[in-house]
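Read the structure below first, then the notes.
To find a chain, count down the sequence lines: A is the first, B the second, and so on, and within it residues start at 1.
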Number of protein chains: 2
Amino acid sequence: MVAEDAAASVIEKKTSRSKTSRRVRLTQKAIVAAAADLFARNGFGATSLDEIAERLGATKGALYYHIKNKEDILRHIYLMVLTASEEPLAEIAAAPLPPAEKLGRAIVHHATVAANRSPAMTVFYREHPHLTGPFAREIVVRKKVYERYFEQIIEEGQAAGVFSRAIDAKIATFGLLGMCNWLSQWYQPDGPYTHQQIAAMFVRM
Amino acid sequence: MVAEDAAASVIEKKTSRSKTSRRVRLTQKAIVAAAADLFARNGFGATSLDEIAERLGATKGALYYHIKNKEDILRHIYLMVLTASEEPLAEIAAAPLPPAEKLGRAIVHHATVAANRSPAMTVFYREHPHLTGPFAREIVVRKKVYERYFEQIIEEGQAAGVFSRAIDAKIATFGLLGMCNWLSQWYQPDGPYTHQQIAAMFVRM
DNA sequence: TGACAATTTGAACAACTGGTAGAAACATAC
DNA sequence: GTATGTTTCTACCAGTTGTTCAAATTGTCA
């Protein structure tokens, strides 16, 4: 019944469009945002270009003026997430701060990205098998670089004697990232805690 | 070219099969296992029944003798994961142990499931939107029950004064589960650590 | 206004999808 | 051997998919 309602509203849009004789203004950004939402909800393989176009009040053919193909949309989602994640983390890692403070800020940053870009983030950690060619390899590399920042901060802390050496830095990194990434699966902005509060609890852990 | 090779090998199989006049023996278990692997790799929506049949050296039509439809396969994967997860955790939660020991065992158990049933586990946390009807609701409920066990153990520990009250039990649960679930994304059985060792490190965290 | 570029449409396409029906191959018991 | 029930194969259907493209529409600016 939800699907029927959605379909009905689209028909409404279409008829009102033909009345006012106005067409929709598409942008690459809007396409990527709508697609991220649908990919997160239904998966890349199960989302059709028709659905994406429908949500934007346009037709499938129009999409191809702004994007190369379906995978191209996915590529843009990955670039979006990466550009929002990498730079701030690199700054934190390079800042002249004690390791504990660095780690805290890094976790807050990552949790913020996970909470804010929720749909894109969900896609990011789900649909990488659908990326092909050199771009797929690039993403793997950049993901590893990203993880490496956390690892280095933890190693720094261990060398300085503020973090326990009982836990391997790699495993600790995966554990921390796992906690944060899992956020995008359950976090609701209108819940009892903000993502900053949650990040603070993670830091304490 | 990969697809062509695969197609070629199938033709080979078919001809050799008709030569030796032997057909494949299918079981529901084998179908579900093969499907879990493909779903984990390519996603539910992007995996066709032809591919599943191909991997088993059979044809699509034969699958339908053992399963009701495509979603039915997904249902079996979910039941597999749940039956392997629920009972042991319930036992741990009910055992007369100190909360710290309970939590440790629960984490080890969950990490073990995440590491062992890796493909099924990946599917479990990815493809729930493709479950429909009452079964979908049942899964949500059983997932929540599962999480509730962890929450209760933590609350127990907080009441006994062994765990810090600074962290909300719900958030702590999501954090711990996040760490473990993330395992299925990166854990390799031939890596430097066993899943027990990793679980032990998580417990220490 | 008119001309030219930017944008959208709508139809067509080949390939593929989940699902079905009935014939064919098999195993088992007699 | 035949008869019977189980399992797999082949061939097909109707619907959907990503992608292309000429034609139609809109925006822009002289």
Review point. Are Tyr64(A) and dT19(D) close enough that a side-chain N or O sits under 4.0 Å from OP1 or OP2?
Key: yes

Review point. Rounded to the Å, how far apart are Ile31(A) CD1 and dT7(C) P?
Key: 11 Å

Review point. Strictly by modelled atom types, are His130(A) and Glu71(A) linked by a side-chain donor-acceptor pair under 3.5 Å?
Key: no

Revision key, fill the gap. Gln28(B) CD to dT8(D) C1', in whole Å, measures 16 Å

Exercise for review: Could you state the atom-to-atom distance from CD of Glu71(B) to P of dT17(C) in whole Å?
Suggested key: 18 Å

Check your understanding: Using 4.0 Å as the upper bound for N to carboxylate O, is an ion pair formed by Arg148(B) and Glu151(B)?
Key -> yes

Check your understanding: Relative to each other, are the rings of His110(B) and Phe150(B) parallel, tilted or perpendicular (30° and 60° limits)?
Key -> perpendicular

Practice item. Look at the side chain of Lys70(B) and the base of dG19(C), then say whether one donor and one acceptor between them are separated by less than 3.5 Å. Key: no

Review point. For Ile73(B) and dG19(C), what is the distance between atoms CD1 and P respectively, to the nearest whole Å?
Key: 9 Å

Check your understanding: Within less than 4.0 Å of OP1 or OP2 of dT9(C), is there a side-chain N or O belonging to Thr59(A)?
Key -> yes

Review point. Can Tyr125(A) and Trp182(A) be said to form a ring pair (Phe, Tyr, Trp, His ring centres under 6.0 Å), step by step?
Key: CA-CA 10 Å; Tyr125(A) 286 110; Trp182(A) 199 241; over 10 Å; no

Check your understanding: Checking all strands, does Thr27(A) fall into the base, sugar-phosphate, or nothing category for heavy-atom contacts under 4.0 angstrom?
Key -> nothing

Practice item. Identify which nucleotide among dT19(D), dT17(C), dT17(D) has an atom closest to any side-chain atom of Asp50(B), counting heavy atoms from C-beta outward. Key: dT17(C)

Exercise for review: May I have the distance from His130(A) (atom NE2) to dT17(D) (atom P), rounded to whole angstrom?
Suggested key: 15 Å

Point to revise | Length of the CG-P vector between Leu26(B) and dC9(D), whole Å | key: 7 Å

Practice item. State whether Ser48(A) places a side-chain N or O below 4.0 Å from either non-bridging phosphate oxygen (OP1 or OP2) of dT16(D). Key: no

Check your understanding: Between atom CD1 in Ile67(B) and atom P in dG19(C), what is the gap in whole Å?
Key -> 8 Å

Practice item. May I ask you to evaluate whether His66(A) reaches the phosphate of dA6(C), defined as a side-chain N or O under 4.0 Å from OP1 or OP2? Key: no

Check your understanding: Considering heavy-atom distances to DNA chain D, does Leu49(A) or Ala62(A) have its closest nucleotide positioned more toward the 5' end?
Key -> Leu49(A)

Check your understanding: For the residue pair His128(A) and Tyr78(A), is the inter-centroid distance of their aromatic rings smaller than 6.0 Å?
Key -> no

Check your understanding: What is the distance from CG of Asp72(A) to P of dG18(D), rounded to the nearest Å?
Key -> 14 Å

Exercise for review: Can you check whether any acceptor in the base of dG10(C) is under 3.5 Å from a donor in the side chain of Lys60(A), or vice versa?
Suggested key: no

Review point. Counting just side-chain N and O atoms, does Tyr65(A) come under 4.0 Å of either OP1 or OP2 of dT8(C)?
Key: no

